[in-house]
Amino acid sequence: MENKSFIEIKEIQKFYPHKDGKLFHRPGEERKKVKAVDGVNLSINRGEILGIIGESGCGKSTLGRVLVRLEDPTSGDVFIDGVSTKEMLKTDPKAFCRQVQIIFQNPFDTFTPRDTILKIMLRPLKHHNIGKNYEERLEIIKKALEAGGLRPAEDIMSRYPHELSGGQLQRLSIIRSMFLNPGFIIADEPVSMLDVSVRAEIINMLIDLAQNHNAAVVFISHDIALTRYISDNIAVMYLGRIVEYGSADEVIKNPQHPYTRVLISNCASVDPFEQREEISIEGEPPTPINPGPGCYFAPRCYMADEECFRSYPGCTLLGGSHYATCHKLKHPSDEA
């Protein structure tokens with residue numbers, strides 16, 4: 001019997017109509033599409049943190065919004081423990097919200113500015129009938145704030161969002177999510193706007209969510225060194241597609257796709273004694289408007305040849321769970 005992962009992301013596509021400036025289109029004229037996410041397949045287990053890395057504009061955040069159903073996919077679906085999130089949201093929206101939560105990049109945009117922290121934190125407890133009465137909910141909030149390092153809790157609860165720091169607000173975002181005991185959490189660049197001094201606290205809270213609360217976490221970031229530290233597995237995105245996937249150490253130490261090699265060669269290493277040769281590429285990523293037919297990275301790739309421009313490569317298994325999509329790769333058994 002096949003063992004299914006807790007989260008199954010299957011053939012997710014998110015296309016937007018291209019705004020070409022035309023007021024009218026001829027009948028039957030095919031409209032161009034912006035392929036923000038183009039056929040993503042991923043699996044995540046309980047207690048696992050999956051890191052997603054790539055340049056700005058590669059589709060990471062769009063994928064995150066689709067996973068949490070802030071945007072509907074053009075096609076494909078996400079399954080949680082075998083249940084379609086599309087059907088889950090349709091039949092029981094509250095159950096979906098309890099199961100799936102997102103932590104945004106900018107904590108200052110997360111909270112209603114006119115409400116106190118107490119009112120903000122009470123809202124999900126009341127909405128989901130957590131706690132029998134006001135006193136019990138108040139005690140739940142106090143304990144959660146104290147455990148999250150927000151002390152004294154009474155002082156924090158009386159304040160408004162603008163009176164707190166970005167790090168404090170981001171901790172509140174995670175604590176509010178934990179009230180619902182979600183099984184699936186998407187963290188979209190959750191520390192990029194925070195001071196370096198508080199980033200470790202937020203990262204440790206996310207690790208705690210995965211390890212001690214048995215949640216599946218998607219960690220979206222452009223910070224490769226940080227993603228390596230927090231993630232069990234890493235998926236590399238380029239122009240809406242996953243071009244490489246594997247364990248965090250395997251992808252970072254042994255990158256196989258040319259794009260992954262470029263990213264890693266130009267990022268800061270967690271090892272100050274590690275020597276890397278920077279790989280430079282020219283040009284900006286091509287437009288996501290009807291890309292192809294070849295490899296999307298081919299116009300910038302230092303290894304590309306005619307085959308790379310003719311057809312998009314399939315997945316090459318490199319051993320274990322490690323795979324990449326590149327015409328230049330061979331399975332280890334092919335080299336024997």
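Heavy-atom basis, side chains included; hydrogens, waters and symmetry copies ignored. The structure displayed is predicted, hence computed values, not measured ones.
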CA sep, side-chain torsions, deciding dist, call: Phe219, Ile186, side chain to side chain contact (heavy atoms under 4.5 Å, CB included):
CA-CA 6 Å; Phe219 182 78; Ile186 294 89; over 6 Å; no

Let me see the working for Glu55 and His222 under side chain to side chain donor-acceptor pair (under 3.5 Å), right down to the final yes or no.
CA-CA 7 Å; Glu55 293 172 292; His222 65 275; over 6 Å; no

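- Between the Ser231 side chain and the Arg228 main chain, no donor and acceptor come within less than 3.5 Å of each other.
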Evaluate side chain to side chain donor-acceptor pair (under 3.5 Å) for Ser61 paired with Asp188, printing each intermediate quantity in order.
CA-CA 6 Å; Ser61 292; Asp188 185 7; 3.0 Å; yes

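- Contact check for Ile203 versus Tyr229: side-chain heavy atoms found under the 4.5 Å cut-off.
- The closest side-chain heavy-atom distance from His327 to Thr316 is not below 4.5 Å.
- Of the possible polar contacts, one joining the Asn106 side chain to the Phe108 backbone as a donor-acceptor pair under 3.5 Å is found.
- Proximity of a side-chain donor or acceptor of Lys33 to a complementary backbone N or O of Ile289 within less than 3.5 Å is not detected.
- Tyr134 and Glu139 form no side-chain donor-acceptor contact under 3.5 Å, judged by distance and modelled atom types alone.
- In terms of modelled atom types and a separation under 3.5 Å, the side chain of Asp208 and the main chain of Asn204 share no donor-acceptor contact.
- Under a hydrophobic-cluster definition in which Ile, Leu, Val, Met, Phe, Trp and Tyr are linked whenever side-chain heavy atoms come within less than 4.5 Å, directly or via other members, Val243 and Tyr302 are assigned to the same cluster.
- Between His257 and Tyr259, the ring planes are perpendicular. Angles over 60° get that label, and only those under 30° would be called parallel.
- In the displayed structure, Lys86 atom NZ is contacted under 6.0 Å by at most 12 heavy atoms of other residues, nucleotides or ligands.
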Any chance you could lay out the side chain to side chain contact (heavy atoms under 4.5 Å, CB included) test for Gln211 and Ile49, step after step, and finish with the verdict?
CA-CA 9 Å; Gln211 294 181 348; Ile49 299 178; over 6 Å; no

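- Both tests do not hold together for Lys94 against Phe96: distance to the six-membered ring centre under 6.0 Å, angle to the ring axis within 45°.
- For the residue pair Glu244 and His322, a side-chain donor N or O sits within less than 3.5 Å of a side-chain acceptor on the partner.
- In this structure a side-chain-to-backbone donor-acceptor pair under 3.5 Å is present from Asp223 to Leu226.
- The aromatic ring centres of Tyr312 and Tyr296 sit less than 6.0 Å apart.
- Note on Asp305 versus Lys328: salt bridge recorded, some NZ/NE/NH1/NH2 to OD/OE distance being below 4.0 Å.
- Each of Lys10, Gln13, Glu11 was evaluated against Ser75; a single residue qualifies, Gln13, per the side-chain hydrogen bond (donor to acceptor under 3.5 Å, both in side chains) test.
- Gln168 places a side-chain N or O within donor-acceptor distance of the main-chain N or O of Ser165, the cut-off being under 3.5 Å.
- Between Asp77 and Glu8, every side-chain heavy-atom pair lies at or beyond the 4.5 Å cut-off.
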Quick one, Leu180 with Ile130, criterion side chain to side chain contact (heavy atoms under 4.5 Å, CB included). Give me CA distance, side-chain angles, the key distance, then yes/no.
CA-CA 8 Å; Leu180 307 180; Ile130 300 171; 3.7 Å; yes

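- Aromatic ring orientation, Tyr238 versus Phe297: perpendicular (interplanar angle above 60°, classes split at 30° and 60°).
- Although no hydrogens or angles enter the test, the distance criterion places no donor-acceptor pair under 3.5 Å between the side chain of Thr116 and the main chain of Arg159.
- Contact of the Leu206 side chain with the Pro190 side chain is registered, since non-hydrogen atoms from C-beta on lie closer than 4.5 Å.
- Using a cut-off of 4.0 Å between Lys/Arg side-chain N and Asp/Glu carboxylate O, Lys143 and Glu146 are scored as not salt-bridged.
- Side-chain contact between Arg241 and Thr325 is absent, with no heavy atoms from C-beta onward closer than 4.5 Å.
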